[in-house]
There are 2 protein chains.
Amino acid sequence: MNRPVTNAPQPRFRQIVDSIRNDIVTGVLPEHAALPSERVVADQYDVSRMTARRALEAIEAQGLAYSEDRRGRFVSPKRVRYDISNRVSFAADARAAGTDLEITVVRTRAIRAGGSLAADLDVPVGEKLHEYTRLFCINGHPTLIETEYAVAHRCPDLMDHDLRQSTTQLLEQHYGISARTGDVIIRMRAIQPDEAALLGLPPHQAGIELEQIIRDDEGRPFCFGRQIWRGELAEFSARAIVNR
Amino acid sequence: MNRPVTNAPQPRFRQIVDSIRNDIVTGVLPEHAALPSERVVADQYDVSRMTARRALEAIEAQGLAYSEDRRGRFVSPKRVRYDISNRVSFAADARAAGTDLEITVVRTRAIRAGGSLAADLDVPVGEKLHEYTRLFCINGHPTLIETEYAVAHRCPDLMDHDLRQSTTQLLEQHYGISARTGDVIIRMRAIQPDEAALLGLPPHQAGIELEQIIRDDEGRPFCFGRQIWRGELAEFSARAIVNR
DNA sequence: ATTCGCAACTGGTATATACCAGTATTGACT
DNA sequence: AGTCAATACTGGTATATACCAGTTGCGAAT
């Protein structure tokens, strides 16, 4: 192939991405500062609005910024770290680290265990469960949504308590169930529209899903939780110990 | 031509996303099957090519499909699972699980430890390190890129060995260094253009970064590794044990 | 039978335009 | 001072078009 790619300039929109990213990493644009709007970028860089838009969307996809519908795009804050090896509860982990955490209860229901939930919690199908969904805001910004399923007969009136705190601590204090171990799975997946609405995001972005089965001192599971995180706002630390 | 100005229940492109997603989850489109092209979608659903494109990009962003430049888009295969609590080496984990894994050495270098690497590996700044970058293909598909930094004086001629295998096993067999524990960090981040090229992806997509510090029986770190995974192809399991 | 070049694809980049639906500010009126 | 409507923003959706640059397969020339 004699194609001399000498003049392989980067696409315009990528040049714009690099320029704005530079403003972010150097601190010209601090956390939560507004990025220039699509129309302003189009004007400044002399491109069409669609091209400016693609640049801003790429910055968003990289986690450098987040958008609020029809308000603008803003620089993402620093990540919070969640140590999944030592704690089984993010609320406890965050409080211990002095993080500004606010919990909102989105929904509570009484349900019965279906197939996979029953298997995960090691209970018969049809077993009564408490289901509750909560939104976690860090420094005032929606960061994750958690839905937990607790085996009802082990904590009968759990729903009468204030759920705006660590539920593992609740279970420990009122029912004597202590979270001892957890099986965690982490994966990247798309944020669903209903979740996106709660997190203040456009739908179809990727986020991090974290599932965990929480077990007591006897290794019996008593709670299953599923969290969806804004991927750009978090990181997860763990410790591996090689079995031999 | 006539615009359905009525109550658009959902954007057109999202309807298309749902339709194609349905074909994927029901198996009408099996793993690695080609999705309809942008122009075909535009034709079938009677939308412009840009709208069709947005639908296909959304499917891609959700991890349901991957694209190969100027070849087409294809249905993503099932995720592989990596147990980060029990193994400190993905290669060993995958081989133990019978996964079809092929490793390609992308680059090897001798470097000297800079500030953060020196701190992570607990060696003086300027310490000699082996750096090697490898591409991991699972079932023939590029899935992750790993760059590792090994303390050179503990494995002098490491680079003379065949690196297309688990390096932790190499280090164990030839130097008696056994990987005992690992400190792992997982986060979502953008895949850089050079990484994207190796993974056969368009740049600026989000992926999963996994960093780990590997320690020997005495707890001394001897290797630092950084992996970037195609987010839709993997999930990570771990075990938490609450310290009290 | 092999080679080679030409379609006929594929996605990637980019423009120009239009309208919709929320948000935020401004300013006149109460 | 407080209310509220107009206005000037913001991003979201969508069309139509153009050209570029790789990939792939087919058919003609060797």
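Letters A, B, ... mirror the listed sequences (proteins, then strands); counts begin at 1. This one's a predicted model, so the numbers in the text were calculated from it and none came from an experiment.
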Q: Could you list the protein-to-nucleotides 14-17 of chain C atom pairs, N/O on both sides, closer than 3.5 Å?
A:
| from | atom 1 | to | atom 2 | distance (Å) |
| --- | --- | --- | --- | --- |
| dA14(C) | OP1 | R12(A) | N | 2.5 |
| dA14(C) | OP2 | R12(A) | N | 3.2 |
| dA14(C) | OP2 | F13(A) | N | 3.2 |
| dT15(C) | OP2 | S48(A) | N | 3.1 |
| dT15(C) | OP2 | S48(A) | OG | 3.4 |
| dT15(C) | OP2 | T51(A) | OG1 | 2.5 |

Q: Expressed as a whole number of angstroms, how long is the span from Y66(B):OH to dG11(C):P?
A: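 These atoms are roughly 13 Å apart.
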Q: Just jot down the salt bridge (charged side-chain N to carboxylate O under 4.0 Å, His left out) partners of D120(B), sequence neighbours excluded, or say none.
A: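 Partners of D120(B) by the salt bridge (charged side-chain N to carboxylate O under 4.0 Å, His left out) criterion come out as none, since no residue qualifies.
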Q: Side-chain N or O of S67(B) versus OP1/OP2 of dG11(C): is the shortest distance under 4.0 Å?
A: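 Checking dG11(C) against S67(B), no side-chain N or O comes under 4.0 Å of OP1 or OP2.
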Q: Roughly how many Å is it from CG in D43(A) to C1' in dG11(D), rounded to a whole number?
A: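 Distance, rounded to whole Å: 17 Å.
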Q: With E38(B), which residues qualify under salt bridge (charged side-chain N to carboxylate O under 4.0 Å, His left out), at least two apart?
A: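 Only R49(B), R53(B), R73(B) meet the salt bridge (charged side-chain N to carboxylate O under 4.0 Å, His left out) criterion with E38(B).
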Q: Whole angstroms only, please: what is the CZ-P distance between R39(B) and dA18(D)?
A: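 Interatomic distance, CZ of R39(B) to P of dA18(D): 13 Å.
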Q: What side-chain donor-acceptor pairs closer than 3.5 Å can you find for residues 89-107 of chain A, not counting sequence neighbours?
A:
| from | atom 1 | to | atom 2 | distance (Å) |
| --- | --- | --- | --- | --- |
| S89(A) | OG | A91(A) | N | 3.3 |
| S89(A) | OG | A92(A) | N | 3.0 |
| S89(A) | OG | S166(A) | OG | 3.2 |
| D93(A) | OD2 | D83(A) | N | 3.2 |
| R95(A) | NH2 | L101(A) | O | 3.4 |
| T99(A) | OG1 | A94(A) | O | 3.4 |
| R107(A) | NH2 | E131(A) | OE2 | 2.9 |

Q: Expressed as a whole number of angstroms, how long is the span from R53(A):CZ to dT10(D):C1'?
A: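 Rounding to the nearest Å, CZ of R53(A) and C1' of dT10(D) are 11 Å apart.
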Q: Mind checking what makes side-chain contact (heavy atoms from CB on, under 4.5 Å) contact with S116(A), not counting sequence neighbours?
A: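 With neighbours one apart ignored, the set is empty.
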Q: How long is the line joining CD of E38(A) and P of dC20(C), in whole Å?
A: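 To the nearest whole Å, that distance equals 18 Å.
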Q: Does F236(B) have any ring-ring contact (aromatic ring centres under 6.0 Å, His included) partners at least two apart in sequence or in another chain, and if so, which?
A: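 Checked F236(B) against ring-ring contact (aromatic ring centres under 6.0 Å, His included); matches are W229(B).
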Q: Within the structure shown, what part of the strands sits under 4.0 Å from R73(B) by heavy-atom distance: base, sugar-phosphate, or nothing?
A: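 Sugar-phosphate, no base atom in range.
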Q: Under 3.5 Å, is there a donor-acceptor pair linking the side chains of S19(B) and Y45(B)?
A: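 Note: S19(B) and Y45(B) side chains meet the donor-acceptor criterion.
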Q: So, using side-chain contact (heavy atoms from CB on, under 4.5 Å) as the criterion, who are the partners of P77(A) when residues are at least two apart?
A: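 Scan of P77(A) (side-chain contact (heavy atoms from CB on, under 4.5 Å), adjacent residues dropped) gives E31(A), H32(A), Y66(A), L233(A).
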Q: Report, one pair per line, the protein and nucleotides 21-23 of chain C atoms (nitrogen or oxygen only) whose separation is under 3.5 Å.
A:
| from | atom 1 | to | atom 2 | distance (Å) |
| --- | --- | --- | --- | --- |
| dA21(C) | N3 | R70(A) | NH1 | 3.0 |

Q: Find the runs of at least 3 consecutive base pairs, i with j, i+1 with j-1 and so on, that include DNA chain D, using Watson-Crick or G-U wobble geometry with both distances under 3.5 Å.
A: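 Expected stems, ordered by start: C:1-30 with D:1-30.
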Q: Got a sec, which residues hit side-chain contact (heavy atoms from CB on, under 4.5 Å) with D160(A), two or more places apart in sequence or on another chain?
A: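 Expected list: D157(A).
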Q: What's the CD-P distance between E68(A) and dG12(D), to the nearest Å?
A: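 Going from E68(A) (CD) to dG12(D) (P), I get 11 Å.
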Q: Which residues pass the side-chain contact (heavy atoms from CB on, under 4.5 Å) test with R79(B), sequence neighbours left out?
A: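 Partners of R79(B) under the side-chain contact (heavy atoms from CB on, under 4.5 Å) test: R187(A), R189(A), E235(B).
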Q: Under the side-chain hydrogen bond (donor to acceptor under 3.5 Å, both in side chains) test, which residues partner T133(B), sequence neighbours left out?
A: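 For T133(B) the side-chain hydrogen bond (donor to acceptor under 3.5 Å, both in side chains) partners, ignoring immediate neighbours, are T147(B).
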